[in-house]
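Have a look at the structure below, then the notes.
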Amino acid sequence: MSLYERIKKKIYNNLEEAAYRARENGKLAYDELPAFVLEEPRERQLGDLATNLAMLLTKQCKKAPREIAEIILENLEITDTWITASEIAGPGFINFRLDSNWLTGVIPEVLSQEDKYGSVNIGQGQKLQVEFVSANPTGLLHMGNARGAALGDSLAALLSMAGYDVSREFYINDAGNQIHNFALSLEARYLQQLGHDVPFPEAGYHGEDLIETVKRIIEQDGDKYVTLEEDFRRESLVRQALEEKLHDIKTTLEDFGVFYDVWFSEQTLHESGYVRDTTNELQDKGYIYENEGALWFKSTLLGDEKDEVIIRSNGVPTYFAADIAYHRNKFHRGFRKVINIWGADHHGHVGRLKGAMQALGYNPDSLQIILMQLVRLIQDGEVVKMSKRSGQYITLRELMDEVGKDAARFYFILRDPDSTVEFDLDLAKSQSADNPVYYVQYAHARLCSILRQAKEQGYETDIEPDRNQLALLNSNEEKDLLKKIADLPGEIAISAKMAEPHRLARYVLDLAALFHTFYNSQRVLIEDTDLRVARLGLIKSTKQVLANILGILGVSAPERM
RNA sequence: GCGCCUGUAGCUCAGCUGGAUAGAGCAUCUGCCUUCUAAGCAGGUUGUCGCACGUUCGAGUCGUGCCAGGCGCGCCA
């Protein structure tokens, strides 16, 4: 637990005790102590910490909030809390002022924990999986995938910082109908390239990249598939195309800073009989019935609106069947918690899949599905319908080429997954210099520059400031910076708990702003040795925290800009 | 028609289990570089938090009903 959390917890506990004591001595009458908060007030002038405890007790105690606050203060023990003053303010807040050195202890913590600073252990080493992107290997990665990649990767990093044993996984949809369509599309392109006049399938994939793919196949193997039997021809083309597409997806994601632990093939679930086994288990448990030659899953038994076909009347399992098997497999592999990042267009599927997990005996809450609203592409002021089938989309590769990895990742991670993002590539290009990511990176580069200059000027930068030196950090700018730094473990905890990495993007922006303010008001490289040592400690801590968070967000922390 | 998401400053968006005077960036206006990076800082301007009721000490936050936009409601994935 960090220093900041320890102090807060101590005061929190003392407040609880004060309330209990007041009940014992008859000053307050209530049944249950409400869940109150102890947090920093909005305005610095109000104090260092504030609680709403008194206001929450009004109903039960039938007293005015300020009167209750009075009673609590009378019963509050303040030794070892750093509290130097308390006052009742506004509608009934209790504000505390703390000894001005209460925060400086965070500096030695950051300097000793280095890249571990900010870690919390709410995960307790539990195995957790984040599955994200899982784009169909029938085309290139687009903007929606970019958002999913930025979100999923940062979430995974955040959760490992919060003490989970995290695995990143990509589910390869290399089976089913779409692969059949993919095969037909490839076949048509292949034959067309070789001069045959064949129609392009209605439901085919129109992307230009497919033509490139068959061109490469022709370069290598010529026209040898033309005379092959249809099935063999399609299979050969698909096998090569899939390999190429997957390789492309993998390297594109790696360039985007995303590395997976596991690439999981849907096909293997069919081949191993796992899909069939899973279906049988559902059948044994009474969740399957037959209608019009197909097998249906009784989702309605588990609160869903309609039942769902799991095995078609032609005997072929649906995507849903494979998905159930896949998620059953995840739990078999020992993951205690499984998080999926899906596009909002799949939300109808959430209830059914959770229902299926429940039917199989798993806790449906162990499967968390984060729905991310779609990215809408704007061109010439118009919304463009993006789809792999139409071939109309901006690729992740183009995005990186145009605006850069850091700006692109920050752009997405700054936003709540629930918000619909409009993306205008031309606008993004023209505004890429205004991207807030540079504001943060600039802060990091500035910090590095100070440390460089310190060395050039012959100052020792590795000495750790002692308690007396740290006590010199008492300006508002320094204290604000210290508070923000001290806040990090709590910020990690709540972001992880809520699975919302975008909070950290906000945090790091705030931290950069506080540093820039400090930078413009006070100098680090000064004659006064004690103050200089203390400030060097402060800026080394700031730099460490910036780097830690940027690392989670997958954004680089440059030494110079 | 039903379900889910969204509606906050001119634009893009934050706002934790309800809390004090609703915030940030961009844009715009005014100052600040002979001192550690001006990709910066300080300050000004900008709001019926979609609308209306309700719940309570207190609502951007919770409830209900409307309005607007997005997505979904296949033996597609």
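Chain letters run A, B, ... following the sequence lines, proteins first, then strands; residues in each count from 1. The figures here come from the full heavy-atom set of this structure, side chains too, leaving out hydrogens, waters and symmetry mates.
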What N/O pairs connect the protein and nucleotides 41-47 of chain B at under 3.5 Å? Give each pair on its own line.
| from | atom 1 | to | atom 2 | distance (Å) |
| --- | --- | --- | --- | --- |
| B:rC41 | OP1 | A:Tyr439 | OH | 2.4 |
| B:rC41 | O4' | A:Asn520 | ND2 | 2.9 |
| B:rA42 | OP1 | A:Thr517 | OG1 | 3.0 |

One pair to check against side chain to side chain contact (heavy atoms under 4.5 Å, CB included): A:Phe36 and A:Ile94. What are the steps and the verdict? CA-CA 12 Å; A:Phe36 61 97; A:Ile94 302 174; over 6 Å; no

Stepwise side chain to side chain contact (heavy atoms under 4.5 Å, CB included) check, A:Ile492 with A:Ile552: CA-CA 10 Å; A:Ile492 298 279; A:Ile552 291 176; 4.0 Å; yes

Using the rule given for side chain to side chain contact (heavy atoms under 4.5 Å, CB included), can you reason through A:Tyr319 versus A:Asn177, listing the C-alpha separation, both sets of side-chain angles and the distance that settles it, and then say yes or no? CA-CA 9 Å; A:Tyr319 166 88; A:Asn177 242 335; over 6 Å; no

Tell me, with the steps shown, if A:Glu491 and A:Ile494 meet side chain to side chain contact (heavy atoms under 4.5 Å, CB included). CA-CA 5 Å; A:Glu491 205 63 48; A:Ile494 189 156; 4.3 Å; yes

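One side chain, A:Asp406 or A:Gln441, offers a donor N or O that lies under 3.5 Å from an acceptor on the other. With hydrogens and angles left out, the side-chain atoms of A:Tyr171 and A:Asn340 include no donor and acceptor closer than 3.5 Å. A donor-acceptor pair shorter than 3.5 Å can be found between the side chains of A:Gln522 and A:Ser475.
Within the 4.0 angstrom heavy-atom criterion, no nucleotide atom of any strand lies near A:His349. Note on A:Arg506: only backbone sugar-phosphate atoms sit closer than 4.0 angstrom, heavy atoms only; bases stay farther off. If you check every strand for non-hydrogen atoms under 4.0 Å, A:Gln522 touches a base. In this structure, A:Ile179 reaches neither bases nor backbone, as no heavy-atom distance under 4.0 Å exists between it and the strands shown. Note on A:Ser419: only backbone sugar-phosphate atoms sit closer than 4.0 angstrom, heavy atoms only; bases stay farther off. At a threshold of 4.0 angstrom between heavy atoms, the contacts of A:Ala294 include nucleobase atoms, whether or not backbone atoms are also involved. Contact annotation for A:Lys306: backbone-only contact, meaning every heavy-atom pair under 4.0 Å involves sugar-phosphate atoms and none involves a base. Residue A:Val421 is in sugar-phosphate contact alone, with no base atom involved, counting any heavy-atom pair closer than 4.0 Å across all strands shown. Residue-level contact check: A:Ser313 touches the bases, meaning some heavy atom is under 4.0 Å from a base atom. Within 4.0 Å of A:Glu308, counting heavy atoms only, lies no atom of the nucleic acid at all. Nucleic acid contact for A:Asp510: none, since no nucleic acid atom lies under 4.0 Å from a heavy atom of the residue. Among the protein residues, A:Ala50 comes within range of the nucleic acid bases, having at least one heavy atom under 4.0 Å from a base atom. Within 4.0 Å (heavy atoms only), A:Glu559 reaches at least one base atom of the nucleic acid.
For the pair A:Met561 CE and B:rG40 C1', the interatomic distance rounds to 11 Å; values are reported in whole Å. Straight-line distance from the CZ atom of A:Arg503 to the C1' atom of B:rU17: 11 Å, rounded to whole Å. For A:Ile450 and B:rU37, the CD1 to C1' distance is 9 Å, given to the nearest whole Å. Rounded to whole angstrom, the span from the CZ atom of A:Phe320 across to the C1' atom of B:rC76 amounts to 14 Å. For the pair A:Arg376 CZ and B:rG69 P, the interatomic distance rounds to 11 Å; values are reported in whole Å. Remark: P of B:rU12 and CD of A:Gln373 are 16 Å apart, rounded to the nearest angstrom. One interatomic measurement links the two molecules: CG of A:Leu374 to P of B:rG69, which rounds to 17 Å at whole-angstrom precision. We find that OH of A:Tyr289 is positioned 12 Å from C1' of B:rC75, with the value rounded to whole Å.
The environment of A:Arg276 atom CZ is sparse: at most 12 non-hydrogen atoms of other residues, nucleotides or ligands sit within 6.0 angstrom.
The side chain of A:Tyr438 lies closest to B:rA39, out of B:rC76, B:rU37, B:rA39. Side chain of A:Arg352, nearest nucleotide from B:rA77, B:rC4, B:rG40: B:rA77. With B:rC75, B:rU12, B:rC5 as the candidates, the nucleotide lying closest to the side chain of A:Asp418 is B:rC5. Taking only side-chain atoms of A:Asn173, from C-beta outward, the nucleotide of B:rA20, B:rC75, B:rA77 with the closest atom is B:rA77.
Of the C1' atoms belonging to B:rC76 and B:rG23, the separation is 44 Å, rounded to the nearest Å. For the C1' atoms, the distance linking B:rG3 with B:rC13 amounts to 27 Å, nearest Å. Using atom P as the reference point in both B:rA24 and B:rA9, the two lie 14 Å apart (nearest Å).
At the phosphate of B:rU37, OP1 or OP2 sits under 4.0 Å from a side-chain N or O atom of A:Gln453. Within the structure, a side-chain polar atom (N or O) of A:Tyr442 is placed less than 4.0 Å from OP1 or OP2 of B:rA39. When the side-chain nitrogen and oxygen atoms of A:Arg66 are compared with OP1 and OP2 of B:rA20, none of them lie within a distance under 4.0 Å. One finds no side-chain N or O of A:His180 lying less than 4.0 angstrom from the OP1 or OP2 phosphate oxygen of B:rC76. Look at A:Arg452 and you won't find any side-chain N or O under 4.0 angstrom from OP1 or OP2 of B:rU37.
Taking the ring centroids of A:Tyr438 and A:Phe410, they lie at or beyond the 6.0 Å cut-off.
A donor-acceptor contact under 3.5 angstrom links the side-chain atoms of A:Asn52 to the base of B:rG19. Judged by atom type and distance alone, A:His347 reaches the base of B:rG3 through a side-chain donor-acceptor pair under 3.5 Å. You'll find a donor-acceptor pair under 3.5 Å spanning the side chain of A:Asn95 and the base of B:rA20, going by distance alone. The base of B:rC36 is not paired with the side chain of A:Gln457 by any donor and acceptor separated by under 3.5 Å.
Judged by ring centres under 5.5 Å apart and planes tilted less than 30 degrees, A:Phe93 fails to stack against the six-membered base ring of B:rG19.
Salt bridge A:Lys479/A:Asp48: absent, no basic N to carboxylate O contact under 4.0 Å. Remark: A:Lys330 does not engage A:Glu169 in a salt bridge, criterion side-chain N to carboxylate O under 4.0 Å.
Closest-nucleotide positions on RNA chain B for A:Arg560 and A:Pro317 were compared, and the one nearer the 5' end corresponds to A:Arg560.
Note: A:Tyr205 and A:Phe182 have perpendicular aromatic rings, judged against thresholds of 30 and 60 degrees for the angle between ring planes.
Base orientation at B:rC32 is anti, since its O4'-C1' glycosidic dihedral falls outside 90° of 0.
Taken to the nearest 0.5 Å, the CD atom of A:Gln373 stands 9.5 Å off from the CG atom of A:Asp345.
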Dot-bracket, 5' to 3', for RNA chain B please: Watson-Crick or G-U pairs under 3.5 Å, [ ] where pairs cross earlier ones, | where the partner sits on another strand, dots elsewhere. (((((((..((((.....[...)))).(((((.......))))).....(((((..]....))))))))))))....

